[in-house]
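Read the numbers this way: they start at 1 and go in the same order the structure lists the ligands and their atoms.
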Amino acid sequence: MHNTTVENSPTAAKLPTREILDIQLYPTKSEAVNASATAIASIVRANPYAVITYATGNTQIPIYTKLAELVSNKEIDFSQTTAFHLDEYYPCGPDSPFGFVHYLKNLVFEPFHISTIHTLNGLAKDAGEEAKRYNNLLTKHQPDLAILGIGPGGHIGFNEPGSHLDSVTRLVKLSKETVDRDHRERKQNTPTQALTQGISNILSAKKIILNAFGEEKGKYLKEALYGKISPLCPASFLRLVSEKVTIFGDLALGI
Ligand code: GLP
């Protein structure tokens, strides 16, 4: 395992200490997946009532699969934890095969036997009210852990470039890059809006684990780690809470 920090970057000299992040890079994706799953499992072992925010996306699939294996082998118990989901297309129903509630139901909520689940209603008539409801819940139940991926433009959740540090759960317009990616992957039209936890909701978690594999994610991460801390790259805000962030990745990231 290669343990690195942003100190090693060419711009390191300019970075204050608070920006030193824990970046754990492994030669292969599968080793990084195991390490990330182990880290998540140890948080739940230490706190069986942990409140956890779950990202979706292809990146997380092997990690959730590994954790589901641990659950079925009775090596870990998520049954008393509370789950929040990070973001959802709008409009999008809970049974839509492309929706994130559907994804989490199949990969997390059911296999992990979690009984307390909070999801965003992608069919809410009033998206603003739905966002407010979800935001209140997040304020009442501070997440112990947020599991994140990173997407086009350095987005976290669906906080696209332009998202502010103090943003809360809200309806957002997806960037062209995100919409194009989703159209490509799904081979059909996808919504152009989404409900997402805001940057301030995400940063309020006591621990943040970001998983990223491969060259393309490396591009987004480089910008987030070594570029300016700015709404133009929402993941760059993670550097403001660097003491609680761990990034698990493979060497292919090239960061
Ligand atoms: C999606 C989600 C994010 C996710 C990211 C990466 O659009 N909104 O929560 O982390 O983009 O997805 P993937 O892992 O499929 O590349």
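Judged by distance alone, the side chain of D180 and the main-chain N or O of E177 form no donor-acceptor pair under 3.5 Å. T139 places a side-chain N or O within 3.5 Å of a backbone atom of N135 that can act as its donor or acceptor partner. Within the 3.5 Å criterion, the main-chain N or O of G57 finds a donor-acceptor partner in the side chain of Y103. Not one N or O on the side chain of Y226 forms a donor-acceptor pair closer than 3.5 Å with the backbone of L221.
Using cut-offs of 30° and 60° on the angle between ring planes, the pair Y54 and Y64 is perpendicular.
When only non-hydrogen protein atoms are considered, atom 10 (O) of ligand 1 lies nearest to G149 CA, 3.3 Å. In terms of protein heavy-atom proximity, atom 3 (C) of ligand 1 is closest to G157 O, 3.7 Å. Of the protein's non-hydrogen atoms, K217 NZ, 2.5 Å is the one closest to atom 16 (O) of ligand 1. In this structure, the protein non-hydrogen atom closest to atom 15 (O) of ligand 1 is N58 N, 2.8 Å.
Ligand-side atoms of ligand 1 in range of G57: 12 (O), 13 (P), 14 (O), 15 (O), range being under 4.0 angstrom from any heavy atom. Less than 4.0 angstrom separates some heavy atom of T59 from each of these atoms of ligand 1: 13 (P), 14 (O), 16 (O). Close approach of ligand 1 to F158 is summarised as follows: ligand atoms under 4.0 Å from at least one heavy atom of the residue are 7 (O), 8 (N).
At least one heavy atom of H155 sits less than 4.0 Å from an atom of ligand 1. Heavy-atom distances between T178 and ligand 1 stay at or above 4.0 Å for every pair.
Ion pairing between K206 and D144 holds under the 4.0 Å rule for side-chain N and carboxylate O.
Checking only distances, R181 does come within under 3.5 Å of ligand 1, N or O to N or O. Here's the thing with L86: none of its N/O atoms is less than 3.5 angstrom from an N/O atom of ligand 1.
Here atom 4 (C) of ligand 1 lies nearest to T56 when heavy atoms of N211, T56, T196, I156 are compared. Among I61, D182, I147, D87, the residue whose heavy atom lies closest to atom 2 (C) of ligand 1 is D87.
No side-chain N or O of T190 forms a donor-acceptor pair with one of D182 less than 3.5 Å apart. In summary, the side chains of Y90 and Q193 do not present any donor paired with an acceptor at a separation below 3.5 Å, with no hydrogens or angles considered.
Within the 4.0 Å heavy-atom criterion, neither part of L148 lies near ligand 1.
In this structure, the ring of H85 has its center no less than 6.0 angstrom from the ring center of F100.
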